> 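Supplied in structure tokens, the structure appears directly below.
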Amino acid sequence: MCGLAGLFLPAGAPAAAADLAAMLAVMRHRGPDGSRCHLSADRRFQAGFTRLAIIDRAGADQPLVRDDGDLVLLGNGEIYNYRELRAGLEARGVTFQTRGDMEPALEAYRAEGDAFVERLNGMFALAIHDRRDGALRLIRDRLGIKPLHWARLAGGGILFASEIKALFASGLLTPAVDETAVAAWLAHGYVPAPATLYRGVMSLPPGCRLLARADGTVTVERYWQARPAADLPTDPAAIGAALTELLDDAVGLQLRADVPVGAMLSGGIDSGLLVALAARRLDRPLKTYTVRFAGAAVDETPLAAAVAARYGTDHTVFDLATDRAADLLPRLAWYADAPLADASLLPNHLINQVIGAETRVVLNGTGGDELFAGYGRYFRLPVEARWLRLPAPVRRAALAVLRRLDPLLAWKLARADKFDTDRGGYLHDHSTQFPPPLLRRLGCRLPPVAPAQAEWFARFAGPADSGALFAELNTYLPEDLLTLLDRTSMAHSVEGRVPLLDHRLVEAALAVPPEIRAPGGRQKALERAIAAPFLPDSVLTAPKQGFASPVPAWFLTGGLAGPTERLLTRPAALARGWWSAEGIRRLLADPGRHAFRLYALLMLELTIRLQVETPLSAPPDATLAEIADAA
């Protein structure tokens with residue numbers, strides 16, 4: 001897990017130099033174990049790498065340079081099946097210089113060309129410069145676990161990096177906001193790839209590769225898209241056994257490291273199942289971590305302790321407070337690069353801060369909800385079912401009245417029809433924080449955008465319930481959850497691994513018939529059945545929890561209200577037309593209802609302040625109040 005950065009200049013591009021030292025410096029948190037650079041003889045390829053050493057810690061520094069610079073590879077992430085790749089290549093006479101996981105990927109590319117990526121099992125963002133054809137290749141892993149951003153310069157050069165702030169640190173790109181992207185961000189809480197919040201900056205989508213040729217042409221193509229596996233058994237018991245086998249193999253691959261591997265252990269099924277499978281494979285106690293937040297309404301530590309006791313893990317419980325939001329949010333906005341509307345950013349940041357003091361690799365249960373239908377929006381809400389049982393004329397009359405009295409409630413009731421007619425739109429409507437009635441109340445003058453979930457749902461050929469999961473795997477998962485995981489873990493030099501997102505398991509899970517995955521609309525019923533032999537009944541029957549941030553309390557008593565109002569109503573913010581001062585004050589008047597929306601707008605404004613208006617080369621020490629007073 002590291003940070004990569006570079007510049008590629010095709011034959012027609014004018015000479016330019018990227019400030020590689022500055023690019024790597026702003027990503028030092030991603031790789032504190034050393035930095036190296038490579039410049040081609042003609043300076044048309046300039047690249048740097050900052051390393052978090054996990055496999056072959058002493059010998060696998062990057063960039064990997066072979067054949068006097070004919071081939072250069074930089075790789076962020078891990079290739080989990082590197083041992084198998086290496087053995088196959090050695091059988092063909094290939095000699096290796098390191099014991100690392102990226103060299104087999106480079107040699108596989110040398111042997112097989114662009115098709116090599118199909119053989120990789122891992123989370124990765126790769127940059128390959130091949131002087132034989134004069135091209136640059138950028139490749140992102142199938143699910144989008146690791147980030148990769150790029151921009152085309154005015155002269156035709158391609159700038160790339162693991163984090164957007166590194167692109168700006170190059171000295172070749174000036175940060176500016178893309179207003180179209182702001183509308184998308186308000187709709188989704190993230191900007192769907194390939195766009196980003198910033199003008200001219202692109203995110204390479206998951207499962208895609210970019211080819212920048214020597215003649216200056218650039219193409220992006222998809223090399224993988226999740227499709228339901230064709231070889232899944234049909235019997236429910238056999239399906240469960242097949243998925244268990246795939247997950248167990250994924251856990252085994254992702255335990256590979258030359259440093260100790262730990263695991264996040266909440267009271268949930270996802271992390272509990274990973275711990276159960278991992279602990280069985282080790283000859284030493286697995287290190288597990290549980291976090292208890294002071295003042296939280298729910299305490300999952302007893303459930304986690306039951307799993308830890310069953311598998312004899314070396315278990316640690318951390319007590320953390322989340323009452324420092326006003327002090328920490330500016331730092332989080334800097335690390336995140338782009339605004340993350342997800343309020344679990346702070347607790348995840350704190351968790352990784354503590355874990356980072358003890359270990360470098362942690363298994364994480366991200367992905368279980370998207371594979372096994374763990375969210376309520378995957379099923380029609382009971383209140384919607386009751387509403388739809390009313391005669392259509394009654395519903396129309398009621399909506400006509402409600403649109404005058406309570407436009408938001410009317411919108412919520414009207415979306416019920418979309419479950420059958422527009423499932424992607426239904427997913428979007430049940431996850432957006434800023435539906436049309438709220439945008440009008442806010443005074444937003446930006447035009448509406450189409451839901452990204454609807455576009456992806458339309459691409460899926462299969463049952464609607466599975467299509468909903470497919471849509472989320474291509475939107476919410478990479479753009480929110482995996483971005484949050486990458487930024488909060490890498491801020492503390494921690495590598496978060498996600499065995500549930502092994503691409504083989506993803507395709508198998510998509511092939512499961514909905515009536516087996518979630519019979520009767522029971523969330524994660526199949527996963528509970530799979531986990532039954534491994535976990536205590538108390539864990540299997542516990543209601544779904546999560547890292548819930550007490551955002552309303554932050555605004556009521558935690559000091560966020562005043563600085564938020566000052567930041568969001570400063571002249572520069574209001575001049576954009578994204579909201580009005582009256583709209584902000586309407587939300588602030590009811591923090592119990594609108595705290596999460598206010599938090600989202602605050603993170604957007606902080607991001608613009610710290611990444612565009614006054615870019616910083618290091619996380620700020622200033623508090624939220626100090627930044628608001630200086631605005």
Side-chain angles (χ1 to χ4, degrees), residues 175-191 197-199 324-334 336 338-343 345-346 407-408 432-449 549-616 620-631:
V177 173
D178 180 351
E179 196 164 81
T180 302
V182 175
W185 183 87
L186 286 169
H188 300 94
Y190 51 82
V191 180
L197 181 72
Y198 306 98
R199 189 182 306 148
R324 295 178 54 219
D327 295 332
L328 292 176
L329 287 184
R331 296 180 64 84
L332 270 62
W334 185 88
L340 284 172
D342 193 329
L345 181 68
L346 177 59
L408 185 58
T432 183
Q433 291 194 41
F434 294 98
L438 254 299
L439 291 176
R440 290 192 291 271
R441 183 179 302 179
L442 195 58
C444 180
R445 298 200 298 264
L446 294 172
V449 299
S549 295
V551 181
W554 293 348
F555 281 91
L556 288 168
T557 60
L560 254 64
T564 296
E565 181 175 7
R566 295 198 296 278
L567 271 171
L568 296 182
T569 60
R570 66 192 180 107
L574 296 177
R576 306 186 198 110
W578 303 345
W579 53 74
S580 67
E582 181 184 1
I584 294 300
R585 291 178 182 125
R586 285 174 179 168
L587 301 189
L588 283 165
D590 190 359
R593 191 177 186 187
H594 298 301
F596 286 90
R597 297 184 177 98
L598 288 163
Y599 170 88
L601 297 178
L602 171 62
M603 294 307 289
L604 173 61
E605 191 64 26
L606 274 177
T607 299
I608 294 171
R609 177 76 172 158
L610 300 175
Q611 306 289 358
V612 178
E613 296 178 353
T614 56
L616 302 177
D621 292 325
T623 65
L624 181 64
E626 290 169 340
I627 290 176
D629 291 340

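Since this is a predicted model, take the numbers as computed values, not measurements. Computed over heavy atoms, backbone and side chain alike; hydrogens, waters and symmetry mates excluded.
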> Please name the residue in the list Ile627, Leu624, Leu606 that meets the side-chain contact (heavy atoms from CB on, under 4.5 Å) test with Pro563.
Leu624

> Look only at the side chain of Thr569 and the backbone of Ala581, and say whether a donor-acceptor pair between them is shorter than 3.5 Å.
no

> Can you tell me how far the CG atom of Leu446 sits from the CG atom of Leu439, to the nearest 0.5 Å?
8.5 Å

> Which heavy-atom pair separates Pro407 from Pro437 by the least distance, and what is that distance?
O-CG, 3.8 Å

> Between Leu329 and Leu560, does a side chain to side chain contact (heavy atoms under 4.5 Å, CB included) hold up when you go through it step by step?
CA-CA 10 Å; Leu329 287 184; Leu560 254 64; 4.0 Å; yes

> Evaluate the side-chain proximity of Leu601 to Leu442: yes if any heavy-atom separation is below 4.5 Å, no if none is.
yes

> If you measure from CG on Leu345 to CG on Leu340, what distance do you get to the nearest 0.5 Å?
5.5 Å

> Counting N and O atoms only, with roles assigned by atom type, does the side chain of Arg199 sit under 3.5 Å from a partner on the main chain of Val177, one being a donor and the other an acceptor?
yes

> With rounding to the nearest 0.5 Å, note down the distance linking CG in Leu602 to CZ in Arg609.
13.0 Å

> Mind listing the closest non-hydrogen atom pair of Ala600 and Gln433 along with its distance?
CB-OE1, 4.2 Å

> Applying ring-ring contact (aromatic ring centres under 6.0 Å, His included), name anything that partners Tyr198, two or more places apart in sequence or on another chain.
Phe168

> Main chain of Trp334, side chain of Gln611: is a donor-acceptor contact present, judged purely on distance under 3.5 Å?
yes

> Say whether, by atom type as modelled, one donor and one acceptor occur between the side chain of Thr614 and the main chain of Leu610 under 3.5 angstrom.
no

> So how far is it from Asp590 CG to Leu598 CG, rounded to the nearest 0.5 Å?
9.5 Å

> Output all residues satisfying ring-ring contact (aromatic ring centres under 6.0 Å, His included) with Tyr190, sequence neighbours left out; order by chain, then residue number.
His188

> My understanding is that only residues two or more places apart in sequence, or in another chain, count here; which of them pass side chain to side chain donor-acceptor pair (under 3.5 Å) with Arg597?
His594

> Do Asp178 and Val191 come within less than 4.5 Å of each other through their side chains, counting heavy atoms only?
no

> What are the two closest heavy atoms between Leu574 and Leu568, and how far apart are they?
CD2-O, 3.6 Å

> Using atom types as modelled and distance alone, determine if a side-chain donor or acceptor of Trp185 lies under 3.5 Å from a backbone N or O of Pro339.
yes

> Is there a side-chain contact between Glu626 and Asp621 (heavy atoms, below 4.5 Å)?
no

> Does a sphere of radius 6.0 Å around CZ in Arg570 hold more than 12 heavy atoms from other residues, nucleotides or ligands, not counting ones at 6.0 Å or beyond?
yes

> Do Thr607 and Val612 touch side chain to side chain, with heavy atoms closer than 4.5 Å?
no

> Has the side chain of Ser549 got a donor or acceptor atom that lies under 3.5 Å from a matching backbone atom of Val551?
no

> Measuring only between side-chain heavy atoms, which start at C-beta, is Glu605 closer than 4.5 Å to Trp579?
yes

> Is a side-chain donor-acceptor pair under 3.5 Å present for Trp578 with Glu179?
yes

> Would you mind reporting whether Pro615 and Pro175 have side-chain heavy atoms less than 4.5 Å apart?
yes

> Which atom names give the shortest non-hydrogen contact between Pro447 and Ala183, and what distance separates them?
O-CB, 3.6 Å

> Less than 4.5 Å apart, side chain to side chain, heavy atoms only: is that true for Arg576 and Ile608?
yes

> What's the shortest heavy-atom distance between Glu613 and Ala572, and which atoms?
OE2-CB, 4.5 Å

> Side chains of Pro620 and Pro330: does their closest heavy-atom pair fall under 4.5 Å?
yes

> Here's a test for you: under side-chain contact (heavy atoms from CB on, under 4.5 Å), which of Trp554, Phe555, Phe596 qualifies with Pro591?
Phe555

